[in-house]
Every structure is written in structure tokens, then in C-alpha cells.
Amino acid sequence: MLTEAFIARHNELLLPALREDYDALGRQLARRGVDIDALAERATAFRVAVPSWGVSTGGTRFASFPGPGEPRDVFEKLEDCEVVNRLVRVTPGISLHIPWDKPERPAELLAYARARGLFFDSMNSNTFQDQAGQARSYKFGSLSHTDPAVRRQAIEHNLECLEIGTALGARSHTIWIGDGGNFPGQLHLRRALDRYLASVCEVYRALPAGWKLFLEHKLYEPAFYSTVINDWGTSYYCATHVGDRAACLVDLGHHAPNVNVEMIVARLIALGRLGGFHFNDSKYGDDDLDAGSIKPFELFLIFNELVDAELSTVPGFDPAYMLDQSHNVTDPIESLMTSATELGRAFVQAHLVDRAALEAYQESNDPVMALQTLKRAFTTDVAPVLAMARLRSGGAIDPVATYRESGYRHRKIDERPAVARRRAGIV
Ligand code: LRH
Ligand code: MN
């Protein structure tokens with residue numbers, strides 16, 4: 001079992017090498033005026049929420065290949081989420097998706113989560129699939145549909161998410177819609193946005209006190225010609241139109257190739273509407289690959305903007321960090337642990353940027369030294385800091401190795417009958 005004792009035994013073997021690497025890095029950072037223990041403290045305090053749908057194997061429109069020992073319901077998903085947090089210690093928050101995770105008895109699910117040191121982060125509605133027995137189809141849209149009855153159905157679903165979230169102690173709700181068209185002329189582009197806005201305003205009016213509403217934009221897919229909430233500008237316009245507690249959620253994979261996402265982040269920080277993130281990585285489209293696996297420098301540059309805002313105490317700056325990935329060929333637990341670690345790495349490296357020097361080079365238009373200042377932080381191997389932070393918060397020095405050593409997945413294969421091969425689709 002993945003007990004504290006088991007993790008401690010596994011750490012014992014790795015501790016001498018970690019201690020050596022940590023001390024060596026500590027001396028190097030001290031020469032740069034950085035206290036490594038303060039940095040480890042920051043790493044310990046870092047948090048990113050895990051998507052409940054991330055512990056199941058994902059797929060594509062062509063096929064999905066369920067992995068062994070798949071979770072079959074939200075309770076088994078939380079069991080796997082507990083393993084992730086037990087080993088990396090930075091993922092106690094779980095983001096649920098309704099109706100995929102709709103609990104029969106929310107109080108029971110809340111108790112189950114709390115008993116495992118977990119809590120519920122942002123809720124997510126789903127008006128991009130038709131559920132069995134659903135009265136009206138979302139084939140031609142949901143909150144922006146031309147038929148008021150379909151919009152009503154979509155609004156009611158979002159209101160239900162707020163109710164369930166309230167019972168589970170969540171404090172925010174994320175709306176992503178796939179609404180859009182596949183052909184020129186199919187949608188009236190301005191009226192579609194107006195319909196969306198009227199619908200979201202109704203959801204916003206029911207937003208519980210203290211909650212935030214996140215609007216998630218996406219360039220394309222499932223619509224392949226026009227998407228109603230297609231970019232950050234549209235999302236920002238909607239957030240300011242809907243209300244003060246509405247903000248923009250940036251899913252890294254929802255932009256055209258080569259778009260400067262860190263610049264969008266800087267803009268939304270300046271405009272005071274950066275609500276949060278769905279972190280992942282991509283090479284081409286919305287590939288939902290593991291964060292930091294394809295473009296680690298972009299991830300670092302995004303955290304460079306976030307840490308710069310945090311350190312310059314930008315008013316109201318409090319973005320929500322969540323992963324949103326589709327694990328098609330890996331053990332989802334390993335991918336989630338690795339991705340959470342990659343986010344921690346980018347966060348810690350961003351705290352290594354000599355911001356006074358950077359500002360001086362920026363003000364004096366010295367691009368070479370400005371870039372070098374960023375690269376010096378990005379090329380610092382902070383792995384000992386991340387491992388020490390995990391160790392000091394009761395986690396694993398090497399999460400993946402400890403997880404594999406534990407045989408957890410093998411036990412789940414015995415406990416959980418194989419999931420029948422699913423129809424294609426992301427989840
Ligand atoms: C859409 C999206 C959205 C989710 C879904 C699982 O691509 O990023 O955040 O609801 O993936
Ligand atoms: Mn997303």
C-alpha cells in the first residue's frame with residue numbers, strides 16, 4: 001500500500017544523493033543571492049488542481065484505448081487523485097466535470113474526498129455532449145443555440161452545476177462551450193455571441209456568493225469554421241459584460257500554433273481578468289498533452305509573467321491553476337504527477353529570475369542580456385528543490401519510481417474489472 005512508511009522507506013534510498021545535490025545547488029544559488037530553503041518553501045506552497053477526467057485514459061476522435069485498472073466512477077477517480085497528491089503533495093484540489101462526475105449524494109462524496117485530504121476546485125459544465133434521455137440536442141450549440149428551449153436547457157444544466165458545487169464546497173465554475181459552425185453562413189456571428197451573453201448572464205445571476213465564473217475560450221473544435229468564444233479578446237469582452245466575478249480561463253492548447261500565450265497572460269493580468277488556467281501542452285492543435293512535455297520554455301515564460309505579477313502585487317491577482325490533459329497512451333497517474341512537477345519547476349525557475357537586472361536590461365534596451373537573465377533561471381536545474389519540497393511535505397523524492405514500486409496499478413487491475421473498449425472520443 002502507498003503508506004507514509006512505504007514512501008519514507010523509498011525516500012531513504014534516495015536521500016543521500018538528494019542531500020548532496022540540494023547542498024550543491026544551495027551554494028550555487030547563495031552566490032546568486034538566493035536562499036534555497038526559501039525557494040523550497042515556495043515550491044511546497046505551490047498548488048495545481050487535477051481534472052477528475054484526467055485519471056481516466058483519454059482518446060481522440062479516432063479511438064480510445066482504456067488502460068488497465070481504470071477508475072469506473074467518481075469515487076475511484078478520487079482514490080487515484082489521492083495517490084497523485086500523496087506522492088507530489090501539490091494537488092489536493094480536484095476539478096469535477098458534470099455530469100461525468102455527478103454524485104448521487106454530494107455529502108457522501110465530500111466526506112470521501114476530505115478523508116483523503118482532497119477538496120473540490122472549479123466545477124465544469126458539459127453542454128458539448130448529449131446525455132442519454134436529454135430532451136434537446138446540443139448538435140447545433142447550447143448557450144448560444146438559436147432555439148430558446150435549448151438555451152434554457154443549457155442554462156439549467158449550469159445552474160445544477162452551481163448547486164452540486166455548493167454542496168461540495170467548490171468556489172468557482174468553468175464554462176467551456178463547443179458552440180460554433182462548420183460552414184460560412186451557418187451562424188450569424190454577432191447574434192450567436194449575443195445569445196451566449198444573455199445565457200451566461202443568467203448563470204452569473206445565480207452565482208453563489210464568493211464564487212468566481214471562468215469563461216474558457218478555444219479557437220476551434222468541435223466546430224471547424226467559426227467558434228462563438230474563439231479567443232481571449234472575445235472571452236475578455238464577455239467577462240467584462242457579465243460581471244465583476246467573471247474572468248477568463250486560458251487553456252494553453254486553445255490557441256492557433258505559434259500564438260504568444262504568455263503575452264495573452266500578461267494582457268489579462270493587466271486588464272484584471274485573468275481567472276485561471278488549464279495547463280497542458282500541444283504541438284499542433286488542442287492535443288492536451290502533458291504540461292511541459294513539448295514547449296517547456298513557453299511554460300516557463302508564462303510563469304515568468306505570473307510570478308512577476310505576484311511579486312509586483314498586482315491588485316486582485318489570484319489565478320486558479322488546473323491541469324486539463326488527455327492521457328491517451330500513459331498511465332494517467334504518472335502523467336498527472338509528472339505534469340504537476342513540471343508546473344512546479346516552471347514556477348520555481350520563474351522565482352529565480354533576477355528581476356532588478358532584467359528591468360535594467362529592458363529599460364536600457366539590452367535584448368541579449370535581458371534574454372540571458374531569463375535563460376539563466378530557465379536553465380537552472382531546480383529538481384533538488386522540487387524533490388526536497390516533496391520530501392518535507394511528506395511526499396516522494398521520486399514520485400513515479402515510488403508509484404511503480406508500490407504496485408498500486410497492479411492492485412487496481414485486480415480490483416477493477418477491465419473497462420470495455422469505449423466508442424472513440426476524448427473521454
Ligand atoms: C475543451 C476543454 C474544456 C473541457 C474539456 C474536457 O477542449 O479544454 O476545458 O471541459 O476540454
Ligand atoms: Mn480546458
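Every number for a ligand or one of its atoms is a count from 1 in the order of the listing.
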Inset, instruction - Could you say whether the N/O atoms of W53 and ligand 1 ever approach to under 3.5 Å? - result: no
Inset, instruction - Pull out every atom of ligand 1 sitting under 4.0 Å from any heavy atom of E216, numbered as shown with elements. - result: 2 (C), 3 (C), 8 (O), 9 (O)
Inset, instruction - Pull out every atom of ligand 1 sitting under 4.0 Å from any heavy atom of D286, numbered as shown with elements. - result: 7 (O)
Legend entry - D251 N/O to ligand 1 N/O under 3.5 Å: yes
Inset, instruction - Please name all residues satisfying ring-ring contact (aromatic ring centres under 6.0 Å, His included) with Y196, sequence neighbours left out, ordered by chain then number. - result: none
Inset, instruction - Take E79 and K412 through the salt bridge (charged side-chain N to carboxylate O under 4.0 Å, His left out) test and state the conclusion after the steps. - result: CA-CA 10 Å; E79 211 184 346; K412 294 305 147 188; 2.6 Å; yes
Inset, instruction - Taking the Mn ion (ligand 2) as the centre, count the protein N/O/S atoms lying under 2.8 Å from it. - result: 4
Inset, instruction - Compute the shortest N/O to N/O distance between N124 and ligand 1 and return yes if it is under 3.5 Å, no if not. - result: no
Inset, instruction - Taking side-chain hydrogen bond (donor to acceptor under 3.5 Å, both in side chains) as the test, write out the residues that go with Y220, two or more places apart. - result: none
Inset, instruction - Please work out which of the three classes, parallel, tilted or perpendicular, describes the rings of F347 and H351, given edges at 30° and 60°. - result: perpendicular
Legend entry - Geometric class of the W232/Y236 ring pair [parallel <30°, tilted 30-60°, perpendicular >60°]: tilted
Inset, instruction - Answer yes or no: does an N/O atom from D324 fall short of 3.5 Å to an N/O atom of ligand 1? - result: yes
Inset, instruction - Indicate the ring-plane relationship of F128 and W100, choosing parallel, tilted or perpendicular according to the 30° and 60° boundaries. - result: perpendicular
Inset, instruction - If the plane angle is over 60° it's perpendicular, under 30° parallel, otherwise tilted; pick one for H255 and H217. - result: perpendicular
Inset, instruction - Using distance alone, determine whether D288 and ligand 1 share an N or O pair under 3.5 Å. - result: no
Legend entry - R267, CZ: over 12 other non-hydrogen atoms inside 6.0 angstrom: no
Inset, instruction - Compute the minimum heavy-atom distance from E221 to ligand 1 and say whether it is under 4.0 Å. - result: no
Legend entry - Any residue meeting side-chain hydrogen bond (donor to acceptor under 3.5 Å, both in side chains) with K77, in chain and number order, not counting sequence neighbours: D101
Legend entry - Nitrogen or oxygen atoms of H278 and ligand 1 under 3.5 Å apart: yes
Legend entry - Within the 6.0 Å centroid threshold, strictly below: Y408 and F6: no
